[in-house]
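One structure is given below, encoded as structure tokens.
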Amino acid sequence: IPQEIQGRTGIDRTVTKWLYDIPTEAHRIDEAVDQVQLLVLKVYSHIRSQVCDQVELFAESFFKLPLLRRLEEDMIKVELSAVDKEGYRVRREKLSREGAANQQALKEVRECLKVLSTFALKHASV
């Protein structure tokens, strides 16, 4: 918070300096108009960025976090039906069998690779 107050004081001083830099002489009116338009754009940009930062914080604090808490509570209460549990059990068993079959196939491929490597070394040296 002290940093935020210091930042606002700094921008106040900057805007005040910009205001005093605007010419007030009649023969420099075109230059004054350009500087005022530029000043309005700069101040608008600063205000917009400040508001965007605050809106993000507001949304995070008052909407997102409470929603996530409620979602977590609701997810804890979720129960699978007997049909879903059975389906997942069958799927798990099927995947386990496939994994075991793949392990066996991998073992066979490694053995073939070993045989081929040995063969290649014997015939390469000849």
Side-chain angles (χ1 to χ4, degrees):
I1 295 177
Q3 186 179 7
E4 182 70 23
I5 292 171
Q6 181 65 29
R8 288 181 184 177
T9 303
I11 194 68
D12 287 347
R13 279 192 234 127
T14 305
V15 170
T16 302
K17 181 187 175 300
W18 288 339
L19 284 171
Y20 284 118
D21 289 345
I22 295 174
T24 56
E25 296 86 16
H27 66 281
R28 296 179 64 196
I29 194 73
D30 289 337
E31 184 183 342
V33 168
D34 290 341
Q35 286 185 1
V36 167
Q37 288 176 341
L38 185 62
L39 179 64
V40 167
L41 290 174
K42 287 179 182 178
V43 170
Y44 172 76
S45 175
H46 178 73
I47 290 171
R48 185 181 64 207
S49 70
Q50 291 293 321
V51 168
C52 287
D53 290 346
Q54 291 174 2
V55 166
E56 182 180 355
L57 179 63
F58 179 79
E60 182 83 23
S61 299
F62 294 105
F63 293 106
K64 188 176 177 183
L65 288 175
L67 263 158
L68 287 174
R69 285 189 198 110
R70 290 183 72 193
L71 177 63
E72 182 181 5
E73 291 169 6
D74 290 344
M75 292 299 289
I76 289 171
K77 296 175 187 174
V78 171
E79 292 279 333
L80 289 176
S81 69
V83 172
D84 289 337
K85 286 180 183 180
E86 181 62 21
Y88 286 124
R89 185 190 62 75
V90 169
R91 183 167 187 249
R92 187 174 43 249
E93 288 174 0
K94 178 184 173 200
L95 291 174
S96 295
R97 286 192 305 272
E98 287 178 6
N102 288 337
Q103 285 296 103
Q104 182 61 32
L106 180 61
K107 182 180 176 185
E108 290 175 9
V109 168
R110 285 184 178 151
E111 289 174 5
C112 288
L113 181 62
K114 184 178 176 184
V115 169
L116 286 172
S117 296
T118 304
F119 178 79
L121 286 175
K122 285 181 182 178
H123 286 2
S125 62
V126 175

When clusters are formed by joining ILVMFWY residues with side-chain heavy atoms under 4.5 Å apart, either directly or through shared neighbours, do Leu65 and Phe63 land in the same one? no
When hydrophobic residues are tied together by side-chain contacts of less than 4.5 Å, even through go-betweens, does Val51 share a cluster with Phe58? no
First locate atom NZ of Lys122, then atom OG of Ser117, and finally report the distance between them rounded to the nearest 0.5 Å. 12.0 Å
Establish whether Leu19 and Leu38 are linked, either directly or via other cluster members, by ILVMFWY side-chain heavy-atom contacts under 4.5 Å. no
What distance do Glu73 atom CD and Ile76 atom CD1 have between them, rounded to the nearest 0.5 Å? 7.0 Å
State whether Lys17 and Asp21 are salt-bridged, where the test is any N-O pair (Lys NZ or Arg NE/NH1/NH2 against Asp/Glu carboxylate O) under 4.0 Å. yes
Heavy atoms, side chains only, cut-off 4.5 Å: are Gln37 and Asp34 in contact? yes
Arg28 side chain reached by Glu25 side chain, heavy atoms, under 4.5 Å: yes
Arg89 side chain near Glu93 side chain, heavy-atom distance below 4.5 Å: yes
Which atom pair, heavy atoms only, marks the closest approach of Ser61 to Pro66? O-CD, 3.5 Å
Under 4.5 Å between side-chain heavy atoms, counting indirect links through other Ile/Leu/Val/Met/Phe/Trp/Tyr residues: same cluster for Val33 and Ile22 or not? no
Enter the distance from Cys52:SG to Gln50:CD here, rounded to the nearest 0.5 Å. 10.0 Å
One should read off an interatomic distance between Glu86 CD and Leu80 CG, to the nearest 0.5 angstrom, of 12.5 Å
Would you compute the distance between atom CD of Glu108 and atom CG of Leu113 and round it to the nearest 0.5 angstrom? 13.5 Å
Tell me whether the count of non-hydrogen atoms from other residues, nucleotides or ligands lying under 6.0 Å of CD in Glu31 goes above 12. yes
Indicate, with yes or no, if Ile47 and Leu41 share a hydrophobic cluster defined by side-chain heavy-atom contacts under 4.5 Å among Ile, Leu, Val, Met, Phe, Trp and Tyr. no
Taking the side chain as C-beta and beyond, is there a heavy-atom pair between Thr14 and Trp18 under 4.5 Å? yes
Out of curiosity, Gln35 CD to Leu39 CG, how far, rounded to the nearest 0.5 Å? 9.0 Å
